[in-house]
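Below, read A as the first sequence line, B as the second, and so on, with proteins coming before strands; counting in each chain starts at 1.
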Number of protein chains: 2
Amino acid sequence: MAGHVSDAVIRRLPGYYRHLRELEAAGVTSISSQELGERMHLTPSQIRQDINCFGGFGRQGYGYKVSELKGHIGEILGLTKEHQVIILGAGNIGCAVARYPTFSREGFKTIAMFDVTEDKVGTRMGDIPVYHMDELEKFLAAHPVDIAVLALPKRYAQDTLQRLYDSGVRAIWNFAPTDLQHPDDMLVVNVHLMDSLQQLSYRMAHRENAE
Amino acid sequence: MAGHVSDAVIRRLPGYYRHLRELEAAGVTSISSQELGERMHLTPSQIRQDINCFGGFGRQGYGYKVSELKGHIGEILGLTKEHQVIILGAGNIGCAVARYPTFSREGFKTIAMFDVTEDKVGTRMGDIPVYHMDELEKFLAAHPVDIAVLALPKRYAQDTLQRLYDSGVRAIWNFAPTDLQHPDDMLVVNVHLMDSLQQLSYRMAHRENAE
DNA sequence: ATAAATAAGTTAACGATTTCACATAGGGTG
DNA sequence: CACCCTATGTGAAATCGTTAACTTATTTAT
């Protein structure tokens with residue numbers, strides 16, 4: 001079992017969770033590192049190492065119980081706790097996040113959105129109220145928020161991050177296409193869609209290689 | 001200079017490009033690996049190593065010319081060529097991609113969208129026509145397409161990938177929350193939004209650590 | 001012009017991650 | 001119930017990525 005968990009392992013954890021969910025839905029009750037590896041394009045060794053960072057969830061000679069392992073990994077990922085979320089920016093990306101079904105299913109509850117455009121403020125997106133950005137501090141004083149989603153233009157992102165920090169928010173899921181400065185005790189995870197597309201472009205330009 | 005470029009380097013390339021763009025916009029004409037490293041939270045060594053995978057773009061005693069280096073990296077990323085793109089699924093994510101401004105600015109031209117819902121088919125999203133999924137093969141026979149964006153429900157993703165492959169599309173930008181099976185000569189880059197959010201959740205659950 | 005300072009290119013050491021190999025424990029079967 | 005088979009857990013080896021140290025080229029200042 002483990003003291004320090006590497007970045008590489010953390011990146012893979014959601015993949016394990018996703019595959020285990022799919023296996024469970026397909027009625028598979030147990031799986032070996034061999035089979036899971038084939039499915040995920042990882043070596044059996046790596047899967048055993050990864051899982052052993054957190055404890056021996058398998059049984060020798062048998063494999064892993066799918067639902068049990070999924071439960072453990074869900075716990076490790078912090079998915080057992082419900083997260084209160086707000087979305088900054090009710091544009092295309094903000095809406096897409098607000099309406100993303102998997103999102104609320106996994107315990108991420110969007111309790112408010114914020115925008116500046118007059119025809120959006122005061123409306124509802126599904127059952128989520130849209131407030132004016134000016135009301136942000138007032139809202140945060142009244143409601144505990146675990147995660148803020150930044151889905152607004154890049155030029156407002158840094159200021160908004162600071163306002164969120166000053167009101168006590170300590171975790172940001174950032175869609176603005178820029179790397180934000182942030183205090184050490186604030187977590188920022190970037191999505192950077194264009195980066196991912198440019199990686200595809202790179203591989204297209206340099207193909208010859210499979211996989 | 002370099003034969004094989006590692007995954008780690010490819011992942012960082014778009015970040016270089018983004019920062020160089022910002023520096024250029026800010027009127028900075030030259031930069032050292034030291035300064036760029038501070039800005040990007042990378043060591044100067046790593047930056048020099050990364051850039052040297054592709055050739056000596058800097059000048060000793062001076063640093064790198066921002067616009068020149070940006071040009072080289074843009075070239076390496078394949079951004080000088082215009083890419084013809086179609087989007088499968090005109091839901092929230094499909095729309096968000098279609099309307100993402102950075103997208104077309106960087107040479108990714110969305111020439112069509114496809115959906116099955118009757119009230120979307122036949123309309124236009126901005127100036128992009130929305131066709132019925134049934135017309136996909138006909139469209140692909142008539143128009144060269146470099147990249148297909150999968151922005152449809154997971155249950156349709158695998159079949160659609162196969163149809164795209166059979167019609168000659170060889171690169172996929174996948175937003176469906178699942179890992180797709182694909183032939184070796186097809187490139188698939190996944191976005192997996194929920195993975196990224198779950199990584200945030202993990203770090204929230206295990207904080208104590210800064211950065 | 002020459003020397004000093006700067007910063008890239010490059011090689012080598014270091015550290016992290018992945019893979020391999022093996023010992024061990026659990027389950028199935030006769 | 002005892003055997004065999006399977007597949008985990010684990011420590012060591014190998015690979016891969018990052019950082020540090022050094023060498024060399026370029027610029028600036030005297």
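- Nucleic acid contact for S45(A): base, since at least one base atom lies under 4.0 Å from a heavy atom of the residue.
- Judged by closest nucleotide on DNA chain C, P44(B) is the one of A8(A) and P44(B) placed further toward the 5' end.
- For Q60(B) and dA8(C), a side-chain-to-base donor-acceptor distance below 3.5 Å is present, hydrogens and geometry of angles not being considered.
- When rounded to the nearest whole Å, the span between CZ of F57(B) and C1' of dA7(C) equals 17 Å.
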Every protein N/O within reach of nucleotides 28-30 of chain C N/O, cut-off under 3.5 Å:
none

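- Summarising the geometry, the separation between CG on D50(B) and P on dG9(C) is reported as 12 Å, rounded to the nearest angstrom.
- The salt bridge (Lys or Arg N to Asp or Glu O under 4.0 Å) check on R11(A) picks up D7(A), with sequence neighbours excluded.
- Side-chain contact check for Q46(A) and D50(A): no donor-acceptor pair (N or O, by modelled atom type) lies under 3.5 Å.
- F57(A) and H72(A) have parallel rings, their planes meeting at less than 30° on a 0 to 90° scale where 60° marks the start of perpendicular.
- When atom types are taken as modelled, the side chain of D115(A) and the backbone of G89(A) share no donor-acceptor pair closer than 3.5 angstrom.
- No donor-acceptor pair under 3.5 Å is formed between the side chain of E106(B) and the backbone N or O of L79(B).
- Judged as a ring-ring contact (aromatic ring centres under 6.0 Å, His included), and not counting sequence neighbours, the contacts of F108(A) are H83(A), F103(A).
- Contacts of R48(A) classified as salt bridge (Lys or Arg N to Asp or Glu O under 4.0 Å), with partners at least two apart in sequence or in another chain: none.
- Contacts with DNA chain D (heavy atom under 4.0 Å) in residues 27-36 of chain A: S32(A), S33(A), listed by number.
- OP1 or OP2 of dT6(D) has not a single side-chain nitrogen or oxygen of Y64(A) nearer than 4.0 Å.
- Using a 3.5 Å distance cut-off with no hydrogens or angles, the side chains of D195(B) and Y17(A) do not pair a donor with an acceptor.
- For the OP1/OP2 pair of dA25(C) and a distance below 4.0 Å, the side-chain nitrogens and oxygens of R59(A) include no atom meeting the criterion.
- The nearest whole Å value for the distance from the CG atom in N52(B) to the C1' atom in dT19(D) is 15 Å.
- Applying the 3.5 Å distance criterion, the base of dG9(C) shares a donor-acceptor pair with the side chain of R48(B).
- Note on Q46(B): a side-chain N or O is less than 4.0 Å away from OP1 or OP2 of dT19(D).
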- side-chain hydrogen bond (donor to acceptor under 3.5 Å, both in side chains) between Q34(B) and E38(B), intermediate numbers included: CA-CA 6 Å; Q34(B) 176 73 43; E38(B) 275 159 24; 2.9 Å; yes
For nucleotides 11-13 of chain D, give me every protein contact, N/O to N/O, under 3.5 Å, one pair per line with atom names.
unit_1, atom_1, unit_2, atom_2, d
dG11(D), O6, Q49(A), NE2, 2.8

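- Over its full length, the helix from dA1(C)-dT30(D) to dG30(C)-dC1(D) turns its helical axis through 10°, comparing axes from the five pairs at each end and rounding to 10°.
- Taking 4.0 angstrom as the limit, T43(A) places a side-chain polar atom (N or O) nearer than this to OP1 or OP2 of dT19(C).
- Every residue two or more places apart in sequence or in another chain was checked for a ring-ring contact (aromatic ring centres under 6.0 Å, His included) with H192(A), and none qualifies.
- Per the geometry, CZ belonging to R11(A) stands 12 Å off C1' belonging to dA16(C), to the nearest Å.
- One can place CD1 of I47(B) at 18 Å from P of dG17(D), the figure rounded to the nearest angstrom.
- Looking at residues two or more places apart in sequence or on another chain, you find no salt bridge (Lys or Arg N to Asp or Glu O under 4.0 Å) involving K65(A).
- When atom types are taken as modelled, the side chain of H206(B) and the backbone of I76(A) share a donor-acceptor pair closer than 3.5 angstrom.
- Remark: R99(B) pairs with N92(A), C95(B), M125(B) by the side chain to side chain contact (heavy atoms under 4.5 Å, CB included) rule, at least two apart or across chains.
- Residues meeting the side chain to side chain contact (heavy atoms under 4.5 Å, CB included) test with V189(B), sequence neighbours left out: S196(A), L200(A), W173(B).
- One interatomic measurement links the two molecules: CG of D7(A) to P of dA16(C), which rounds to 12 Å at whole-angstrom precision.
- Between the P atom of dA7(C) and the CG atom of L69(B) lies a distance of 16 Å, rounded to the nearest Å.
- Spacing between atom CD1 of I51(B) and atom C1' of dA8(C) amounts to 10 Å, rounded to whole angstrom units.
- The side-chain hydrogen bond (donor to acceptor under 3.5 Å, both in side chains) search around D127(A) returns none, not counting sequence neighbours.
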